[in-house]
Amino acid sequence: FGRMPPVPPATRRATHCADETGITSLTMETFEGSSAGAAIEPGVAAAATGSRAGRLAMLTVLGALSAFGPLSMDMYLPSTPTIAASLHASQSLVQLTLSGCLAGLAVGQLVAGPVSDGMGRRKPLLAGLVAFAVLSVACAAAPDIATLIVFRFLQGMAGAVGVVLS
């Protein structure tokens, strides 16, 4: 294993700064062709650092995104007897849809992280939101229990995108 060459001092500089509350933070400045900060969109940065209403809106959006996975489980549990009756399936098969959703949440987290590293956060997040909505409708219209299990797995994967990227 070789050692990585040090970054030349001309390409980076660390500075200390203090805000009006006296809290000191360390910031890193980059120069000439650096991609640092390129993934931050101006509207997102303004909402995160701007007014109180902008920060509250950002907090609400991030909270909603991280709630998709848990909500897809908690809102579903009371309806398992009705699902078993309407799809003419055993209770154990209906419980398998819950396991499928949990497995989808786990696999989706493994997939969404590297995808967002390569593509950024916006496109995978929007694709995950659309997929979650479409798969929710597909779960409601599933004709049999096997189809519902597959849709619930895919729904879990789509819900994991919001959990990972928020």
Side-chain angles (χ1 to χ4, degrees), residues 1 4 23 25-28 34-166:
F1 296 101
M4 295 289 293
I23 298 174
S25 63
L26 179 67
T27 60
M28 183 67 78
S34 172
S35 63
I40 300 175
E41 298 175 21
V44 172
T49 61
S51 68
R52 184 178 184 139
R55 286 182 284 185
L56 184 61
M58 181 65 71
L59 179 66
T60 303
V61 169
L62 292 175
L65 288 172
S66 63
F68 276 149
L71 281 178
S72 68
M73 300 298 294
D74 295 339
M75 293 179 66
Y76 182 77
L77 283 173
S79 64
T80 54
T82 307
I83 293 170
S86 65
L87 292 179
H88 307 290
S90 67
Q91 190 66 28
S92 61
L93 282 175
V94 175
Q95 290 173 359
L96 191 57
T97 64
L98 294 171
S99 300
C101 187
L102 279 173
L105 280 168
V107 172
Q109 290 180 37
L110 294 174
V111 172
V115 168
S116 70
D117 288 343
M119 296 179 62
R121 295 174 75 175
R122 183 180 174 93
K123 288 179 184 177
L125 187 59
L126 291 175
L129 288 173
V130 169
F132 187 84
V134 168
L135 286 163
S136 296
V137 172
C139 286
D144 57 17
I145 193 69
T147 306
L148 181 60
I149 292 170
V150 171
F151 285 161
R152 287 287 290 169
F153 176 80
L154 295 173
Q155 184 187 36
M157 284 187 69
V161 174
V163 173
V164 169
L165 299 182
S166 63

Quiz prompt | Full working for side-chain contact (heavy atoms from CB on, under 4.5 Å) between Thr97 and Phe153 | solution = CA-CA 7 Å; Thr97 64; Phe153 176 80; over 6 Å; no
Exercise. Evaluate side-chain contact (heavy atoms from CB on, under 4.5 Å) for Ser99 paired with Leu96, printing each intermediate quantity in order.
Key: CA-CA 5 Å; Ser99 300; Leu96 191 57; 4.2 Å; yes
Self-check item: Derivation and outcome, side-chain contact (heavy atoms from CB on, under 4.5 Å), residues Arg152 and Leu135
Solution: CA-CA 8 Å; Arg152 287 287 290 169; Leu135 286 163; over 6 Å; no
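Heavy atoms only, all atoms of each residue included: Gly104 and Ala160 are closest at O-CB, 4.3 Å. Annotation for Pro124 and Val115: closest pair CG-CG1, 4.0 Å, computed over non-hydrogen atoms.
Annotation: the span from Gln155 atom CD to Cys101 atom SG amounts to 5.5 Å, rounded to 0.5 Å. Remark: Leu102 CG to Leu98 CG distance equals 7.0 Å, nearest 0.5 Å. The CG atom of Leu125 sits 9.5 Å away from atom OG of Ser116, with the distance rounded to the nearest 0.5 Å.
Within the structure, ring pair (Phe, Tyr, Trp, His ring centres under 6.0 Å) contacts touching residues 99-133 (residues at least two apart or in different chains) are Phe68-Phe132.
Using a 4.5 Å cut-off on side-chain heavy atoms (C-beta onward), Leu87 and Asp144 make no contact.
Here the options are Thr80, Thr82, Ile149, the test is side chain to side chain contact (heavy atoms under 4.5 Å, CB included), and the partner is Val94; only Thr80 passes. If you run side chain to side chain contact (heavy atoms under 4.5 Å, CB included) between Cys139 and each of Thr147, Ile83, Val150, Leu148, only Leu148 comes through.
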